[in-house]
2 protein chains.
Amino acid sequence: MIEIKSLPAGCAARRSETACETCGARAFSVCGSLGPADLAKLDALAEATAFAPGQPLAHEGDPADYLFNITSGSVRVYKLLSDGRRQITGFLFAGDFLGLASGDRHLFTAEAIEPSTACRFRRTAYQALVHDSPSLERALLDRARHELAAAQSQMLLLGRKTAHERLASFLLDLPSQDPLRPNAEGRVRLPMTRGEIADYLGLTIETVSRVLTKLKTQGVIRLLSLNELSLERPEQLRAMAEGEI
Amino acid sequence: MIEIKSLPAGCAARRSETACETCGARAFSVCGSLGPADLAKLDALAEATAFAPGQPLAHEGDPADYLFNITSGSVRVYKLLSDGRRQITGFLFAGDFLGLASGDRHLFTAEAIEPSTACRFRRTAYQALVHDSPSLERALLDRARHELAAAQSQMLLLGRKTAHERLASFLLDLPSQDPLRPNAEGRVRLPMTRGEIADYLGLTIETVSRVLTKLKTQGVIRLLSLNELSLERPEQLRAMAEGEI
DNA sequence: CGAGCAGTTGATTTTTATCAAGTAGCGTGG
DNA sequence: CCACGCTACTTGATAAAAATCAACTGCTCG
């Protein structure tokens with residue numbers, strides 16, 4: 001069940017402090033680039049919702065009645081083959097928008113990884129608002145541009161990088177996406193399981209585990225716990241991510 | 001050298017007769033959904049350009065001074081790793097738009113495969129026009145939505161499908177993208193080389209060749225020439241593309 | 001006619017997946 | 001509080017898919 005809080009929608013979550021790895025631009029929430037008038041209109045039609053781990057926000061093939069702006073936690077977005085093979089196309093964190101790629105129906109499934117909250121909009125009302133607000137439309141287009149660039153980088157990773165290069169790229173990218181990354185320099189939070197990392201990188205759980213172990217013994221990373229590690233030699237990781245090692 | 005023709009820009013190339021494999025929606029040109037007023041404005045700032053095979057439209061890292069609407073031929077869009085590994089992120093055909101994902105700089109290289117023509121816009125002028133035209137902005141957002149959906153499907157292909165499944169998916173998708181597909185039922189035009197197919201599907205030339213040979217001996221496809229084939233059993237190909245065989 | 005390129009086919013190697021057997025951490029219930 | 005069992009993760013042995021290396025074919029274009 002989706003819990004609907006009274007107020008406020010809080011869709012204006014920003015994360016302007018993070019620079020984007022993919023395009024060099026500063027990351028931003030869809031709502032982050034709006035004026036107060038647009039924000040007020042958005043809040044009027046938004047509902048704050050909460051999701052337990054594993055709970056779906058959207059399901060592939062279902063009508064896309066709602067769109068979401070994630071306000072806390074983390075979400076996995078994936079597509080399935082009929083025999084159960086899963087490709088996670090992205091992880092979403094606070095400030096990310098869910099549903100940009102959706103028309104009438106969702107083309108992916110989205111589920112909370114941790115306890116998460118999101119700002120929910122009915123799509124019809126949202127479309128009407130977007131229709132009336134050029135600034136909102138522009139913000140959406142910018143966000144779509146950003147997602148397209150990230151998707152192209154991920155295609156390069158999935159099509160042409162080795163297992164080591166994929167892990168290195170992932171560990172470098174993740175903190176720039178997750179606004180909740182630990183503050184200490186080089187620390188990375190891993191809210192997702194090894195299996196989710198594997199399904200995001202086109203590998204198996206075992207390969208992810210082996211590569212992480214190898215990186216650990218090489219002294220490139222240090223595992224602080226199962227769900228947190230620190231980058232000990234980020235420059236070496238960067239070289240590895242580009243295939244220079 | 002870029003040949004600039006006198007007139008007309010012809011950016012209104014449509015391909016509304018093709019249904020989109022990815023999202024079920026009917027494919028369309030960016031300009032295809034515009035009214036006469038917008039079309040006239042677009043044409044006013046557009047230049048028709050021609051490209052010989054191999055000639056670049058855009059280069060990764062270069063300032064994105066120009067955006068393009070492809071009007072004929074075909075284009076490969078790719079990213080490179082430093083050691084030369086290449087991932088082709090997409091093929092563009094008449095009606096496709098190049099540069100949606102680009103901000104100040106191009107994040108990919110784009111080169112003509114065949115002799116091709118495109119409608120070229122200076123980005124600054126284009127942005128100004130888009131700024132003034134909600135309908136154009138909406139068309140761009142729809143196009144971005146469509147490209148995002150395609151990118152997610154390609155991630156599933158690259159991360160989780162076998163070589164056979166990749167080729168089957170490719171052969172089924174291609175005709176829906178290429179408005180120049182031969183009219184006869186089940187015929188597919190392959191303007192790109194085996195190497196380009198390999199770099200699009202995350203495989204090697206040899207694997208692409210072997211799988212095509214296998215499909216041929218299985219009677220699923222028939223090679224009419226190096227650059228054209230026919231789908232003899234599309235339903236079997238479809239099952240194969242989804243991993244059901 | 002011959003050079004060169006694209007493609008095919010075969011032999012072998014490599015990477016990563018698969019199969020299998022542990023280990024560690026965590027929450028629950030006795 | 002500890003034991004149990006579950007799940008996630010790790011590690012090792014083996015297998016499979018695709019890459020690599022290599023040779024050859026056939027076509028196109030000077």
Side-chain angles (χ1 to χ4, degrees), chain A residues 52-54 76 81 83-88 113-115 157-170 189-218 221-229 240 243 245, chain B residues 52-54 76 81 83-88 113-115 157-170 189-218 221-229 240 243 245:
Chain A
R76 57 178 176 253
L81 290 174
D83 62 1
R85 278 175 287 172
R86 176 176 72 166
Q87 179 64 39
I88 293 183
I113 293 175
E114 317 165 82
L157 180 147
L158 292 170
R160 288 296 178 225
K161 290 190 183 178
T162 67
H164 277 79
E165 290 161 4
R166 294 182 200 199
L167 259 300
S169 302
F170 174 68
R189 196 176 74 97
L190 294 176
M192 67 292 289
T193 65
R194 302 291 188 268
E196 286 162 347
I197 297 174
D199 283 350
Y200 180 60
L201 299 178
L203 300 169
T204 59
I205 292 181
E206 294 94 326
T207 300
V208 169
S209 180
R210 274 185 250 271
V211 172
L212 285 178
T213 301
K214 185 86 172 290
L215 291 176
K216 188 180 66 179
T217 59
Q218 288 176 340
I221 62 173
R222 195 154 49 89
L223 294 176
L224 306 173
S225 76
L226 272 185
N227 296 312
E228 191 176 348
L229 52 80
M240 205 179 290
I245 287 184
Chain B
R76 57 177 175 252
L81 290 174
D83 62 0
R85 277 174 286 172
R86 177 176 71 166
Q87 179 65 37
I88 293 184
I113 293 175
E114 318 164 81
L157 179 148
L158 292 169
R160 287 296 177 226
K161 289 190 184 181
T162 67
H164 277 80
E165 289 161 4
R166 294 183 200 200
L167 258 301
S169 301
F170 174 68
R189 197 174 75 96
L190 294 176
M192 66 291 289
T193 66
R194 301 291 188 268
E196 286 163 346
I197 297 174
D199 284 350
Y200 179 61
L201 299 179
L203 300 169
T204 59
I205 291 181
E206 294 93 328
T207 300
V208 169
S209 181
R210 273 186 251 271
V211 172
L212 286 178
T213 300
K214 185 84 174 291
L215 291 177
K216 189 178 66 178
T217 59
Q218 288 178 339
I221 62 173
R222 195 153 50 90
L223 294 176
L224 306 173
S225 76
L226 272 184
N227 297 312
E228 192 176 347
L229 54 79
M240 207 179 289
I245 288 186

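Below, read A as the first sequence line, B as the second, and so on, with proteins coming before strands; counting in each chain starts at 1. It should be emphasised that the depicted structure is a prediction, and the values quoted were computed from it without experimental measurement.
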Touch check for B/L203, heavy atoms < 4.0 angstrom, all strands: base, sugar-phosphate only, or nothing?
-> sugar-phosphate

Output the distance between atom CE (B/M192) and atom CD1 (B/I88), rounded to the nearest 0.5 Å.
-> 8.0 Å

Please report, rounded to the nearest Å, how far the C1' atom of D/dG12 is from the CD1 atom of A/I205.
-> 16 Å

Here the distance between atom P of D/dA18 and atom CZ of B/R160, to the nearest Å, is 13 Å

Give the first and the last nucleotide of DNA chain C, reading 5' to 3', that has any atom under 4.0 Å from a heavy atom of chain A.
-> C/dT16 to C/dC19

Hey, which of these two, A/K161 or A/E206, hits DNA chain C nearer its 5' end, going by closest nucleotide?
-> A/K161

Indicate yes or no for a side-chain donor-acceptor contact from A/R166 to the backbone of A/L158 under 3.5 Å, with no hydrogens or angles considered.
-> yes

Please state how far atom CE in A/M192 lies from atom C1' in D/dA8, giving the value in whole angstrom units.
-> 15 Å

Please check if the side chain of A/R160 supplies one atom and the backbone of B/R85 the other of a donor-acceptor pair under 3.5 Å.
-> no

Which nucleotide in the set D/dA18, D/dT20, D/dC9 lies at the smallest distance from any side-chain heavy atom of B/T204?
-> D/dT20

Check whether any side-chain N or O of B/R189 sits under 3.5 Å from a backbone N or O of B/N227 as a donor-acceptor pair, and report yes or no.
-> no

Flag, side chain of A/E114 to backbone of A/P53, donor-acceptor distance under 3.5 Å | no

Once you round to the nearest 0.5 Å, how far does CZ of B/F170 lie from CG of B/L212?
-> 9.0 Å

Between D/dT10 atom C1' and A/L223 atom CG, what is the distance in whole Å?
-> 11 Å

Heavy-atom donor-acceptor pair, B/E228 side chain to B/S225 backbone, under 3.5 Å = no

Under 4.0 Å between a side-chain N/O of A/R194 and OP1 or OP2 of D/dT10, yes or no?
-> yes

Can you check the B/N227 CG to D/dG26 C1' distance for me, whole Å?
-> 14 Å

Could you state the atom-to-atom distance from NZ of A/K214 to P of D/dC9 in whole Å?
-> 21 Å

A/L226 near the nucleic acid: base, sugar-phosphate alone, or nothing, with a heavy-atom cut-off under 4.0 Å?
-> sugar-phosphate

Atom-to-atom span, CZ of B/R210 to C1' of D/dA17 - whole angstrom | 11 Å

What is the distance from CG of A/L167 to P of D/dC9, rounded to the nearest Å?
-> 13 Å

